[in-house]
Protein chains: 2
Amino acid sequence: MSATEVLREGVTGARIAAELRSAILTGEYAPGARIRQEDLAARYGASRVPVREALRILEADGLVTLVANTGAWVARLSLAECEEMYRIREKLEPLLIATSIPGLGDQTIRRLEELATEMEAGTDVEAFLRLDREFHLLSYSGAETTLLGDLVHRLWNTTQHYRRAYTLLLDGGSNRIVHDEHHLLVTAIAAHDGEDAERVLIGHIRRTRLQLELHPELFDDLGTGRTPASQNRKDLL
Amino acid sequence: MSATEVLREGVTGARIAAELRSAILTGEYAPGARIRQEDLAARYGASRVPVREALRILEADGLVTLVANTGAWVARLSLAECEEMYRIREKLEPLLIATSIPGLGDQTIRRLEELATEMEAGTDVEAFLRLDREFHLLSYSGAETTLLGDLVHRLWNTTQHYRRAYTLLLDGGSNRIVHDEHHLLVTAIAAHDGEDAERVLIGHIRRTRLQLELHPELFDDLGTGRTPASQNRKDLL
DNA sequence: GGGCCGCACGTTGTATCCAATCAAGGAGGA
DNA sequence: TCCTCCTTGATTGGATACAACGTGCGGCCC
């Protein structure tokens, strides 16, 4: 995103894509919800052409599912797919954090510590999600790598909704371990110990994946749209 | 691709995307080459609208670089970006092969062995590239995973050109080790030894990456287009 | 009464036309 | 002679209008 996003569309398509992406990430549109082109066109004051460009951009981001001659839905993941995403993240994010650490300045590291503390103190779920996202993405900001960075960014976006659902589930519960891991990560980063940061991060992601597997109900169909919207693409093979 | 490809465009956009993708992968269009929308429209007998859809699909695949209000070019990688792709592959393909092995039937494994042998016997570069691609992708076909499979598929596509350039470079040279690794991989797969397959595959990809780093001239600008087309996106930050 | 066929509606896909943007070339001045 | 600005051409981006496809409802036949 970020870097490559700027130069994507003339202007309208990119604007619609950015706004719609934001709307999906904040939960305004739920997974499985039908998206009609004319609705978006009216909402953003444009014709259907740039809307379709935006939908394709978001499809590439994994936030929207398109079916030819039928329509678009907010992407949804099955439990198996979400698990898969987490396994991918377990492999890629350690690589990214290791290449990022040498590029992180003292100021950034202090900010990371602030974020970890702030997260621990807060109680609001939405605030936690926002801070958590900022924390991790900031920890990757030292990497110059465009491709890997964008890829990880996409993975975060596609799993955003399920992170929210899970966080809401254990709201007020014992998620102290999350904050401990964050502080451990900051410590490893401050020590410029890439290997240790990798270890902590693997555990962090893996633990979340195992927790998610305990809650298959998060992936049930909520009947928000008419057609399942992905959920099982295998029937097309 | 494959699975999700079918349901992408009404029909024209998908057709153009598929044909253009094929043209890029076979080397008909070189990295950095300018792509004009009207040329494609004329070539495929359609208007510019589905052409733009196709370009966006291929941009998501990493095969095309779009710049707003300016144009499209066949994507090119810098040495650093290519290295990055290979580091990503080193992490993801072992994961994929491990999940694929339990799903591979005896017939598929025999076919893998055939391919490894056929590659060893052949001398034509294009034939080698085709067989190598078929070999590896077939070795991943046991995985039901849609997301990881498609992702790896994309990684193969974006690095295809540089695999070709490198293979041409050492044409006739001592690439025996490649074939040895392929046979080792088949052996591990036949033994249903996921861990061993992971090890061999990591070495296989890593060795290629190290070789590529010795040949930065493969990434020089060949002057095929007017504007660099990516090559350094950092100036946009 | 149940299942199948067909028509009509809504939505998406494509073509054509017009506007906006960028790049290159030339004219003018320092 | 070189730099700058402007103009012109080519190419892309967006809007409107039309065609194609899929879906759902109603009627008809079994």
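For the numbers below, each heavy atom of this structure counts, side chains included, while hydrogens, waters and symmetry mates do not. Order of the sequence lines sets the chain letters (A, B, ...), proteins ahead of strands, with each chain counted from 1.
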Contact summary for B:Glu59 and B:Leu66, nearest pair of heavy atoms: OE1-CD1, 3.8 Å
Specify the separation, in whole Å, of atom CD of B:Gln37 and atom C1' of D:dT11. 8 Å
Could you list the residues that satisfy side-chain hydrogen bond (donor to acceptor under 3.5 Å, both in side chains) with B:Tyr162, not counting sequence neighbours? none
By side-chain hydrogen bond (donor to acceptor under 3.5 Å, both in side chains), A:Glu38 pairs with (sequence neighbours left out) none
B:Tyr166: which residues meet the ring-ring contact (aromatic ring centres under 6.0 Å, His included) condition with it, sequence neighbours left out? none
Find the distance A:Arg52:CZ to C:dA15:P and express it as a whole number of Å. 11 Å
To the nearest angstrom, how far is B:Tyr44 atom OH from C:dT14 atom C1'? 18 Å
Residues at least two apart in sequence or cross-chain that pass ring-ring contact (aromatic ring centres under 6.0 Å, His included) with A:Tyr29, listed by chain then number, are none
In whole angstrom, what separates B:Arg15's CZ from C:dT14's C1'? 12 Å
Hey, mind stepping through A:Arg87 and B:Leu148 against side chain to side chain contact (heavy atoms under 4.5 Å, CB included) and telling me if it holds? CA-CA 9 Å; A:Arg87 287 189 189 276; B:Leu148 181 54; over 6 Å; no
Roughly what angle, to 10°, lies between the helix axis at the start of the helix from C:dG1-D:dC30 to C:dA30-D:dT1 and the one at its end, five pairs per end? 10°
I want to check one thing: is the phosphate of D:dT12, taken as OP1 and OP2, less than 4.0 Å away from some side-chain N or O of B:Arg34? yes
Check the interface with nucleotides 15-18 of chain D: list each N/O to N/O pair with the protein under 3.5 Å, or write none.
residue	atom	partner	partner atom	Å
D:dA15	OP2	A:Ser47	N	2.9
D:dA15	OP2	A:Ser47	OG	3.1

B:Leu40 atom CG is separated from C:dT14 atom P, nearest whole Å, by 15 Å
Output, in order, the C-alpha distance, side-chain angles, deciding distance and verdict of side chain to side chain contact (heavy atoms under 4.5 Å, CB included) for B:Thr145 and B:Leu96. CA-CA 8 Å; B:Thr145 137; B:Leu96 183 51; 4.1 Å; yes
Over how many whole Å does the gap from A:Asn69 atom CG to C:dT12 atom P extend? 10 Å
Is there a side-chain contact between B:Arg52 and A:Glu53 (heavy atoms, below 4.5 Å)? yes
Would you please indicate if the ring centroids of B:His204 and B:His136 are separated by under 6.0 Å? yes
Interatomic distance where CD belongs to B:Glu53 and P belongs to D:dT12 [whole Å]: 16 Å
Assign B:Ile35 to base, sugar-phosphate, or nothing according to its heavy-atom contacts below 4.0 angstrom with the strands shown. sugar-phosphate
Separation of A:Glu38 atom CD from C:dG10 atom C1', in whole Å? 9 Å
